[in-house]
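Report on the structure given below.
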Amino acid sequence: MSEAQKTARAQDTGPSTVTGVDRFFRITERGSTFGREIRGGFATFFTMAYILVLNPLILGSAKDKSGEQLDPVQLTTATALVAAVMTIVMGVGGNLPLALAAGLGLNAIVAFQLAPLMSWDDAMGLIVLEGLLICVLVVTGLREAVMHAIPQQLKQAISVGIGLFIALIGFVDAGFVTRIPDAANTTVPVQLGSTGTLAGWPMLVFCAGVLLTIALLARKVRGAILISIVTTTVVALVVNALADVKTWGLTSPEWPGQVVDAPDFGLLGQFSLFGAFGQVGVVTVVLLVFTLILSDFFDTMGTVVGVSAEAGLLDEDGKVPGLGRVLLIDGAAAVAGGAASASSATSYIESAAGVGEGARTGFANLVTGSLFGLALFLTPLLTIVPLQAAAPALVAVGFLMMTQVRHIDWERYEIAIPAFLTIAVMPFTYSITNGIGAGFLAYVLVKTVLGRAKEVHWLLWGTSALFLVYFAIDPIEQLLGV
């Protein structure tokens, strides 16, 4: 836990009456308060509310094998419903401040890799199948065993890598960092702003939000992240009303003409569990499901460890409390996401924003889940927060998670090299899974060349072998002719 958080915890702790709710969620026991949990729940929601716009945009823009497209309004309803239900279930069943929603990256696989090969019903059936298989891995204890087999300092490296990754997400979402098209023949792959300079009112709003967040954190103000999000949104609303802004990106800070909108549940239950086998064959289905499972498996692992570590909830052995329940709920979320046609739902690293705001228990999830529930009816109102107002929170959380780098022994190469690759590959490839895979493979390799292969847990050997397949999936598919 960062020094800033320890200070905040000390300031927040005060006399309180222990209620049944408090005992159930262990709020006082974990050094938290209802106020901090509520603030954390709001902060998490606002930093991940973009999924209500982005998931329908990604899935709705793709066509299946027959040229059919999913309805954006129905996709918005399905996305909000799954996020609301599964976030609350995680809060009550897992007691971690870990929100869930349709996974970015996973929805892209569904839209651009699965759908063109089959119908939407078949594609969503594969997501349900993937979720069921993950639940089997949890029930057998394999998924939890893999997490326990990871060395403690490598877990800390995962948290640090996620910190850099989530900060990069913030910079990219705000447009502070952009990708340079290859056709430009430039010498670097990314740049400052869209033209190499910072321009436009939205960028000014983002920079002001970052400075405000930094100032509030430095002053150890309670509710710093949430205050920043709300204040920057108000500033964005004013700027948008007075200035000529061409675009804010996915969401614009405009007061909607219609605040309430009725949900459309038409996509619920529209999936075919085994239809894909008849469309693309058994071998292709196995490879597709393997890719989905590996991405979901290790994205969740990194997120759960990273968020729990930042919240100070890991025990002396680096284990997450109630890990089995947490992983089972996450697997069930994948099933729910496929069954609702919202794509696979998974744990969100943006939950770290709530942790940075003080959340330590699943009570924060009740707040976040309830807000997603409201979003079923108030989507026009709740999506006025532009990315430029939410992204500063991600940058601040990146800093908080980065502080764990001090626990890594950089003098021991057998841990330092894997830790470095884990930390570097996550933001540089925009993937938690890739970073974990690079770290695992490096750890096994270094231990082996140092003549200490016996120190590597057998589960890490097996997992590393799977990552070899994961990274080499393209040539393997070519060899198999699929």
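Atoms considered below: every heavy atom in the structure, side chains included; atoms not considered: hydrogens, waters and symmetry mates.
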Under the side chain to side chain donor-acceptor pair (under 3.5 Å) test, which residues partner N95, sequence neighbours left out?
none
What are the two closest non-hydrogen atoms of L371 and G41, and how far apart are they?
CD1-O, 4.4 Å
Side chains of T213 and S228: donor-acceptor distance under 3.5 Å anywhere?
yes
For the backbone of V73 and the side chain of T77, can you confirm whether one donor and one acceptor N or O come within less than 3.5 Å of each other?
yes
Side chain to side chain contact (heavy atoms under 4.5 Å, CB included) partners of F467, counting only residues at least two apart:
L294, F298, T433, I436, F440, L441, T463, Y470, F471
For N365 and T87, does a side-chain donor sit closer than 3.5 Å to a side-chain acceptor?
no
Mark yes or no for whether T44, through its side chain, and G354, through its backbone, hold a donor-acceptor pair below 3.5 Å.
yes
Side chains of E310 and L400: closer than 4.5 Å at any heavy-atom pair?
yes
Does atom CZ (F428) have a neighbourhood of more than 12 heavy atoms from anything else shown, all under 6.0 Å?
no
Whether the T300 and D330 side chains hold a donor-acceptor pair (N or O, under 3.5 Å, no angle test) is what I'd like checked.
yes
Does R325 use its side chain to pair, donor to acceptor, with the backbone of G93 at less than 3.5 Å?
yes
Show the numbers, then the answer: is there a side chain to side chain donor-acceptor pair (under 3.5 Å) between E37 and S32?
CA-CA 7 Å; E37 297 297 313; S32 186; 2.6 Å; yes
